[in-house]
Amino acid sequence: VRHMMITRHYATVGSRRVHYRRAGQGPAIVLLHASPVSSEVFEAVHFPILAKEFTVIAIDTPGQGLSDKLDLGRQEKIEDLADALAETLEVLGVDHCALYGRHTGASIAVEYARRFPARAALVITDGFPLFPPEVRDDYLKNYLADIVPDWAGSHLLWWWFRYREQHVFWPWHKHKGANRADQDVPDLAFLQRGTREILVAGNTYKSPYAAAFLHEGPAAVDAIIKGPVPVCFGGRPGDSVFSALERMDKKSWIKEFARDKRDAAMQELEIFRQHPAKGEPPPPPDTADLRGRVTVRYAAVGGRQVAVRSSGDHAGTPVVLLHRFPGSGKFLEPLLLELGKSRRAIAIDLPGHGDSDPVGDHSVTAYAAVVAATLDHLGLPSAHIYGHNAGASVAIALALDRPRAVASLMLEGPMVMTAPDRARFAAHWALPADPVWDGHHLTTIWHQTRDKRLYYPWYEKTLSASRFIEPEIEPERIHDQVVEMIKHPWSFKPAWDAAFAYPTRECLSEVRVPTWIGVADADDFAPCREATERLLGQAVTALGPTSSPTATAQAINAFLKAQA
């Protein structure tokens, strides 16, 4: 839950996409997070305290959070990340700023001020890494594990405990008394966020981490303290690199901050007040399109942000895609790119899913209302609406509520079921996936997702319920889908409950706009095909054994051409 209106944005920097958060007004402060997480870590403490007096911009490091990695063809250095930061701030119009960095972010902030002193008013570090050579070599060899999906989903539990372990031992791989961490184990929300951020970044998380281990910290300190930019090398008791303060050059500005994060942030605020940046940055620039890629922006709808993906810039009525849920519009990016070749195509992350903000009301009609508000925000009086599985139910609800805004419907694998079947499925279909201490909520989502390819309904592990199709259960495929779902684990069961509560069968019979329906054999709700054909008295388009973005786009384009 945000304590103030913190907005999220994408900036197009050369050929890469940079994700960042922003709030407040006044001189600029740039926040740089530790590895392996993202700028979200600053939402609870630093934004509420600093953004009352400053424009606060927190940037996802390349390869972490939702920012693209650097494409250097080699192991990046902290100097590369500092140059990348300079390029990003230039795009954002931030000519002068104060900087705060934690761990990897501290190294980047110091290097930025060292390389671009005229653009830096101040640097505050919270744990500047100073690794002796033997420690650095050990970390490079043993610290950075690969994320390798396995069919049982056990890698998810490993990563849950791997993230927790770095708050029990430091470094996490040395389980000795001398390595016990001087801190509490974080709460469930913290562990969920951190584990999710590692999994979202994927194996690109390792490169910025390695850059921090490889950075020549003593040389950077020696150079920066001789320069014009004031640098406060701070640390907090309990922090994993707090002991680095003892190895800091005694000529440096060294400060021990309070152990409590909020108390420390108040101390940092006092220092920022003494060394403010010049001027105030301009409003966030629009996100420029990148050739061959989906563009992602955020729409402000009803006091929250909705992630909107787009492809193509053609005239005429656009196609708006609604993903199956739980999930996100990322599932639809291949289809979005195919449709974008000949028309404007847009995909919306439903509230409480993907990269859209959380939501309290999980119902198909509430989701449809947010989609309608998003279309209004985008200035779209009318659109062709595509929905997949439960997303098809949202499309139907939108067509019934705002028929003039829906030019046509395209439904893939709609959940056409009788009321008794919906009630029977709803009682067993979705197990709760709220975070729990041992991380098994992650494998709960994994195996529900995997078993839907093997059984219908998935919770009946019987021969009669077996689906004898070629299952799409490659670990990498399931992993990508599950990562999107665990962005909002609290939405998992409520979203499914909402899907089965909506009378899709009855409402579909009331739709009066042109409608196309297709389904692939491997679709989770392919068994609803016969009921759909009986209901509508028309054949459902067969999309083949598995759903192909190319085949689906061809079928949709043929349908839309016939409506023109």
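Because the structure is a prediction, the values reported are computed rather than measured.
Taking the ring centroids of Trp172 and Trp159, they lie at or beyond the 6.0 Å cut-off. When ring centroids are compared, Phe128 and His103 stay outside the 6.0 Å threshold. For an aromatic pair to be called close, the ring centres must be under 6.0 Å apart, and His447 with Trp458 fails this. Phe525 has its ring centre less than 6.0 Å from the ring centre of Trp429. Proximity of the aromatic rings of His388 and His323 is defined here by a centroid distance below 6.0 angstrom, and this criterion is not met.
His9 meets the ring-ring contact (aromatic ring centres under 6.0 Å, His included) test with Tyr20; sequence neighbours excluded. Every residue meeting the salt bridge (charged side-chain N to carboxylate O under 4.0 Å, His left out) condition with Asp146, not counting sequence neighbours, appears here in chain and number order: Lys206. Residues satisfying the salt bridge (charged side-chain N to carboxylate O under 4.0 Å, His left out) criterion with Asp260, sequence neighbours excluded, are absent altogether. Scanning for side chain to side chain donor-acceptor pair (under 3.5 Å) contacts around Ser252 gives an empty result, with sequence neighbours left out. Every residue meeting the ring-ring contact (aromatic ring centres under 6.0 Å, His included) condition with Tyr209, not counting sequence neighbours, appears here in chain and number order: Tyr143, Phe213. Contacts of Arg17 classified as side chain to side chain donor-acceptor pair (under 3.5 Å), with partners at least two apart in sequence or in another chain: none. Scanning for ring-ring contact (aromatic ring centres under 6.0 Å, His included) contacts around Tyr298 gives Tyr10, His19, with sequence neighbours left out. Checked against salt bridge (charged side-chain N to carboxylate O under 4.0 Å, His left out), Glu134 has no partners two or more places apart in sequence or in another chain. Take Phe272 and apply the ring-ring contact (aromatic ring centres under 6.0 Å, His included) test, not counting sequence neighbours, and it matches no residue. For Glu268, there are no salt bridge (charged side-chain N to carboxylate O under 4.0 Å, His left out) partners, not counting sequence neighbours.
Residue pairs satisfying the salt bridge (charged side-chain N to carboxylate O under 4.0 Å, His left out) criterion with at least one member in residues 180-193, sequence neighbours excluded, are listed as follows: Asp182-Arg259, Arg193-Glu197. Pairs passing the salt bridge (charged side-chain N to carboxylate O under 4.0 Å, His left out) check and including a residue from residues 62-76, sequence neighbours excluded, read Asp68-Arg293, Arg74-Asp80.
Side-chain contact of Thr7 with Arg22: a donor-acceptor pair under 3.5 Å is absent, judged by distance alone. A side-chain donor-acceptor contact under 3.5 Å links Tyr367 and His353. Remark: the Glu111 side chain and the His215 side chain contain an N/O donor-acceptor pair separated by less than 3.5 Å. For Gln166 and Arg162, the side-chain atoms include at least one donor-acceptor pair closer than 3.5 Å. A side-chain N or O of Asp138 and one of His173 form a donor-acceptor pair less than 3.5 Å apart.
Summarising the local packing, CD of Gln75 is surrounded by more than 12 heavy atoms from other residues, nucleotides or ligands at distances under 6.0 Å. Heavy-atom contacts from other residues, nucleotides or ligands closer than 6.0 Å to NZ of Lys461 number more than 12. More than 12 heavy atoms of other shown residues, nucleotides or ligands fall within 6.0 angstrom of atom CH2 in Trp253.
With a 4.5 Å cut-off on side-chain heavy atoms, Val200 and Arg196 count as touching. Counting only heavy atoms from C-beta outward, the side chains of Ile108 and Leu85 approach each other to under 4.5 Å. A 4.5 Å side-chain heavy-atom check between Gln192 and Leu188 finds every atom pair outside the cut-off.
Counting only distance, with no hydrogens or angles, the side chain of Asn179 and the backbone of Phe169 share no donor-acceptor pair below 3.5 Å.
Note on ring orientation: taking the six-membered ring where Trp is involved, the planes of Phe500 and Phe425 are tilted (angle from 30° to 60°). Ring orientation note: the planes of Phe42 and Tyr100 are nearly perpendicular, at an angle over 60° on the 30°/60° scale. The aromatic rings of Trp446 and His155 lie perpendicular to each other, with more than 60° between the two planes, well past the 30° mark.
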Check your understanding: Yes or no on side chain to side chain donor-acceptor pair (under 3.5 Å) for Ser328 and Asp349, after CA distance, side-chain angles and deciding distance?
Key -> CA-CA 5 Å; Ser328 82; Asp349 280 11; 4.6 Å; no
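Of the options Lys487, Arg304, Arg8, a salt bridge (charged side-chain N to carboxylate O under 4.0 Å, His left out) to Asp357 is made by Arg8 and by none of the others.
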